[in-house]
Amino acid sequence: IIKTISVGLILAMVITSFCGITFSNMITAPIKALTTNSKKLAVGNNINRIPVEASDEIGELTQSFNYMASQLSATMEVITSEKNKLEKIFEHMADGVMAFNRQGILIHVNSACYDMLGNDRMGPNFEIIFEKLNIAVDFDKLLAGEHYESTDEYVIIDDKYLKMQFDEYLNAKGEPDGLVVVIQDVTKQQKLDQMRKEFVANVSHELRTPLTTVKIYTETLIDGAIDDRENAMHFLSVMEKEADRMTALVQDLLELSRIDNKQIQLNFVLIELRDLVDEVLEAQHVHIINKGHTLKV
């Protein structure tokens with residue numbers, strides 16, 4: 001009896017151990033697979049779909065994990081695609097772009113920025129870069145949204161006019177998370193603006209000169225020169241030429257407008273320069289005498 005009971009106990013223990021190991025593996029194997037794949041997923045590695053071998057709670061957990069992994073993988077692909085697209089756009093922008101984090105550390109910069117500023121003016125953080133550029137801007141105030149009267153700064157580097165615009169970017173909570181600086185080369189616009197100013201000044205001068213001449217000759221005639229017929233006719237002749245000159249100047253302005261609108265074709269001809277100089281000397285004859293000057297051509 002004792003022998004039979006002992007053998008039965010041993011067989012029961014063997015069977016129980018075998019069943020326990022089998023059932024344990026059925027439970028722990030999916031959990032180990034979930035744990036391993038979760039670690040891979042956490043570091044960004046791609047994972048294979050875990051087979052579902054049961055319809056119990058473990059099976060449902062495995063199905064949920066597979067669905068989450070597939071959705072996360074699809075989301076990561078979209079994010080990666082958008083990131084690569086933005087990097088290409090960022091790199092091929094004509095404007096220079098710099099991005100700084102909350103600590104003022106430079107985290108992004110494109111090649112256009114290096115071309116505009118030069119490698120020697122770049123640095124690891126906001127303070128060093130803008131100290132080299134001699135631009136006094138407070139990073140903390142800009143990050144906090146405390147803009148200056150003008151958040152646009154202009155700097156001249158190697159005969160280039162650069163316009164810098166500052167703006168903060170926000171995180172998911174809507175809080176300032178860093179600063180973006182956009183640099184535009186406005187050299188062409190500045191030169192055009194300077195040319196416009198010079199053009200206006202030249203036109204004003206060209207109009208003022210004949211007006212002054214007409215006024216002086218008119219005053220001379222009023223003061224009695226009108227009684228001297230010979231001089232009066234000479235003065236009137238000069239005044240007529242100055243009036244014609246102003247008319248021609250206005251006509252030139254109109255033609256410039258047509259040229260700018262590509263509505264005219266220029267015809268280049270030779271002119272007699274001596275006749276032009278003689279006309280100028282004749283127009284300025286009174287000024288020359290009044291100043292006590294002598295002009296020889």
Side-chain angles (χ1 to χ4, degrees), residues 94-95 116 133-135 148-165 182-297:
D95 297 337
M116 292 179 181
L133 296 174
N134 295 321
I135 298 178
Y148 299 97
E149 293 181 0
S150 173
T151 53
D152 297 342
E153 294 287 343
Y154 291 86
V155 62
I156 301 176
I157 296 177
D158 300 330
D159 297 328
K160 292 186 295 186
Y161 289 85
L162 302 180
K163 176 184 178 182
M164 297 189 177
Q165 297 174 295
V182 179
I183 306 174
Q184 296 176 312
D185 188 344
V186 294
T187 305
K188 185 176 180 180
Q189 292 89 323
Q190 288 289 336
K191 288 184 177 180
L192 288 175
D193 187 57
Q194 183 63 31
M195 290 173 62
R196 179 184 61 81
K197 292 179 181 178
E198 292 177 355
F199 176 76
V200 172
N202 289 335
V203 169
S204 300
H205 174 74
E206 290 297 324
L207 284 173
R208 184 177 60 185
T209 301
L211 286 173
T212 303
T213 301
V214 170
K215 185 176 185 302
I216 290 177
Y217 276 92
T218 302
E219 291 175 349
T220 304
L221 290 172
I222 293 174
D223 289 339
I226 194 172
D227 296 330
D228 186 344
R229 180 175 178 78
E230 184 178 353
N231 283 331
M233 293 302 296
H234 173 70
F235 289 166
L236 290 172
S237 175
V238 173
M239 292 168 63
E240 181 184 18
K241 289 181 180 179
E242 292 301 305
D244 292 340
R245 180 182 171 188
M246 286 187 286
T247 302
L249 182 60
V250 173
Q251 184 64 31
D252 289 343
L253 293 176
L254 293 175
E255 290 198 4
L256 284 176
S257 177
R258 296 192 188 100
I259 293 171
D260 188 52
N261 294 322
K262 298 180 180 179
Q263 297 177 348
I264 193 171
Q265 182 177 359
L266 295 178
N267 296 318
F268 296 95
V269 296
L270 294 174
I271 64 170
E272 183 59 47
L273 191 59
R274 178 173 294 278
D275 294 341
L276 182 63
V277 174
D278 289 340
E279 289 181 6
V280 173
L281 290 176
E282 185 179 6
Q284 303 304 317
H285 178 70
V286 173
H287 300 289
I288 295 171
I289 295 176
N290 292 339
K291 295 293 184 179
H293 295 164
T294 301
L295 287 182
K296 294 182 179 179
V297 180

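None of these values were measured; they are calculated from a predicted model.
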For the backbone of Val214 and the side chain of Thr218, can you confirm whether one donor and one acceptor N or O come within less than 3.5 Å of each other? yes
Drop me the distance from Glu242's CD to Arg245's CZ, to the nearest 0.5 angstrom. 5.5 Å
Please report the interatomic distance CD(Gln165) to CD(Gln184), rounded to the nearest 0.5 Å. 5.0 Å
Which pairs would a plain distance check flag for residues 267-279, meaning a side-chain donor or acceptor within less than 3.5 Å of a matching protein atom at least two apart in sequence or in another chain?
none

Restricting to non-hydrogen atoms, name the atom on Met116 and the atom on Asp95 that form the minimum distance, rounded to 0.1 Å. CE-CA, 4.1 Å
Exercise: identify the closest heavy-atom pair between Leu281 and Val297: CD1-CG2, 3.3 Å
For [X], what residues pass the salt bridge (charged side-chain N to carboxylate O under 4.0 Å, His left out) criterion, not counting sequence neighbours?
| X | answer |
| --- | --- |
| Lys215 | Glu219 |
| Lys241 | Glu282 |
| Lys291 | none |

Just jot down the side-chain contact (heavy atoms from CB on, under 4.5 Å) partners of [X], sequence neighbours excluded, or say none.
| X | answer |
| --- | --- |
| His287 | Thr212, Thr213, Ile216, Gln284 |
| Asp244 | Glu240 |
| Leu211 | Met246 |

Please report, to 0.1 Å, the donor-acceptor pairs under 3.5 Å made by any side chain of residues 185-194, with sequence neighbours excluded.
from	atom 1	to	atom 2	distance (Å)
Asp185	OD1	Thr187	N	3.1
Asp185	OD1	Thr187	OG1	2.5
Thr187	OG1	Tyr161	N	2.9
Asp193	OD1	Arg196	NE	3.4
Asp193	OD1	Arg196	NH2	2.7
Gln194	NE2	Glu198	OE2	3.4

